[in-house]
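Convention: sequence-line order gives letters A, B, ...; per-chain numbering from 1.
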Protein chains: 2
Amino acid sequence: MTDAADVKGKESYHHGDLRAALLVAGEAVLAETGVEGFSLRQVAKRVGVSHSAPAHHFGDTQGLLSALAAEGFRRFLAAMLARQAEAPDDPREQMLAQAVGYLDFAESAPALFRLMFGSDRIWPSTPELAEAGRAAYRNLTDGVARLRGLAPDDPAALPDVVACWSVAHGFAHLVIGRRMEPVQGLSRDEREALLRQAVAKVLD
Amino acid sequence: MTDAADVKGKESYHHGDLRAALLVAGEAVLAETGVEGFSLRQVAKRVGVSHSAPAHHFGDTQGLLSALAAEGFRRFLAAMLARQAEAPDDPREQMLAQAVGYLDFAESAPALFRLMFGSDRIWPSTPELAEAGRAAYRNLTDGVARLRGLAPDDPAALPDVVACWSVAHGFAHLVIGRRMEPVQGLSRDEREALLRQAVAKVLD
DNA sequence: TGTACATCAGTGAACGCGCGTTCACTGATGTAC
DNA sequence: TGTACATCAGTGAACGCGCGTTCACTGATGTAC
């Protein structure tokens, strides 16, 4: 029942896949303490490993947080694609599904979401992180371009891209920050409906 | 030229208005280190006062941060009203001006903005803080109600309120987080124009 | 198949640091008489 | 007007804590011959 029990297979001196285990534990610590209280020592403790072990894999706190953020962007994109996959293959419906996936991710991992979009404790220019973020962004621009009948990189799509992104991001951020009082009391379905309405206003 | 020189009139034992001085210094520390690195000791040092003095006025870090956030909400509202005052007295123009004021504030005090909307290091239920936030929110609902010809507290305004708030908030948050790449390179005027376009999409 | 050796992965003690909190204190101010 | 005293505001030493970083180490693994 100790923290060490969270991770299996540590009878031997070598861990096996400490890097992956640190990422899992790192996300749990992030969720519990927020970015503000995050420390490498807590992560090491949770994995049941010496506190100097993480440095071996990630250098320092920013290194681990950047890796977590990169992983986060990949799951972020996956969450949007999952909603899109079960939505009708219509440009407008695809955009709405994308927004709902945006919210899914933010609600499922609020601390990670804030780390990705609001923290100074990561290096946004890390290649892995930059690429993961770009992939998510490309999904958005592709969706808007398709809806408007433009080429994928036509700058004429920018105003719509910015508007869609802003509304989904603002909604998600206000919800997880519990700063949008009238929405706090609603059910998940009602929140989702409000988000769809808001995005629809932008698209139509 | 020491930090203590930032604040005048401390020849005497008693400071005079330490509470106010701590708020000023607190905001400077917040801007420099972000919420993540914020500490009472740094604030005390900047004012040139013993590190145990702040406790006298604010209890602990959360108390000072909550006071800063409350002050932030009042300035946030003031920033929106300032833009509204110089805009035509037309419901739609007033809403656009409000959004631009939203961005003004976020860009002028990004760390404070994040503290107000995204941090767990404040108590959102502090009376002073809750009231300041509510006042800003009321300005938004009044604007939407006026635009739609509804009573100020008609729940039918909710979808529009949420949509406007989300788009302004998301835009501002993405800009100050430097996470909206295509917008980073633009001038202040171009960013403002993009925001106005985005809000207009919601309103029309 | 067996041995020697290099490399890799994780250990654990030690360090210095900045933090929040506590507490007995002292200087300044205001009030009662 | 003057004195005594209570209250308030800020001091500074001390404490224990968790942190990141360093470093000599040791156990495990893989490879060369």
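Put simply, the side chain of E107(A) reaches to within 4.5 Å of the side chain of R188(A), judged on heavy atoms.
The residue among H56(A) and F38(B) whose nearest nucleotide of DNA chain C is located toward the 5' end is H56(A).
No hydrogens or angles were tested; on distance alone, nothing pairs the side chain of S52(A) with the base of dG10(C) as donor and acceptor under 3.5 Å. On a pure distance criterion of 3.5 Å, no polar donor-acceptor pair joins the side chain of S39(B) and the base of dG18(C). In terms of polar N and O atoms assigned as donor or acceptor, the side chain of S50(A) comes within less than 3.5 Å of the base of dG12(C) in a complementary pairing.
Computed from coordinates, the D60(A) CG to dC19(D) C1' distance equals 13 Å when rounded to whole Å. Distance E36(B) CD to dC19(D) P: 16 Å, rounded to the nearest Å. As a whole-Å value, the separation of D17(B) CG from dC8(D) P is 17 Å. To the nearest angstrom, P of dG10(C) lies 15 Å from CG of L40(A).
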Would you sort out whether D189(A) and R196(A) count as a salt bridge (charged side-chain N to carboxylate O under 4.0 Å, His left out), showing the intermediate values? CA-CA 10 Å; D189(A) 281 352; R196(A) 291 175 62 98; over 6 Å; no
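Contact annotation for H51(B): base contact, defined as any heavy-atom pair under 4.0 Å involving a base atom.
Both key distances under 3.5 Å define a Watson-Crick or G-U pair, and stretches of 3 or more such consecutive pairs in DNA chain D run C:2-33 with D:2-33.
In the set dG10(D), dT21(C), dT21(D), the nucleotide with an atom closest to the side chain of R41(A) is dT21(D).
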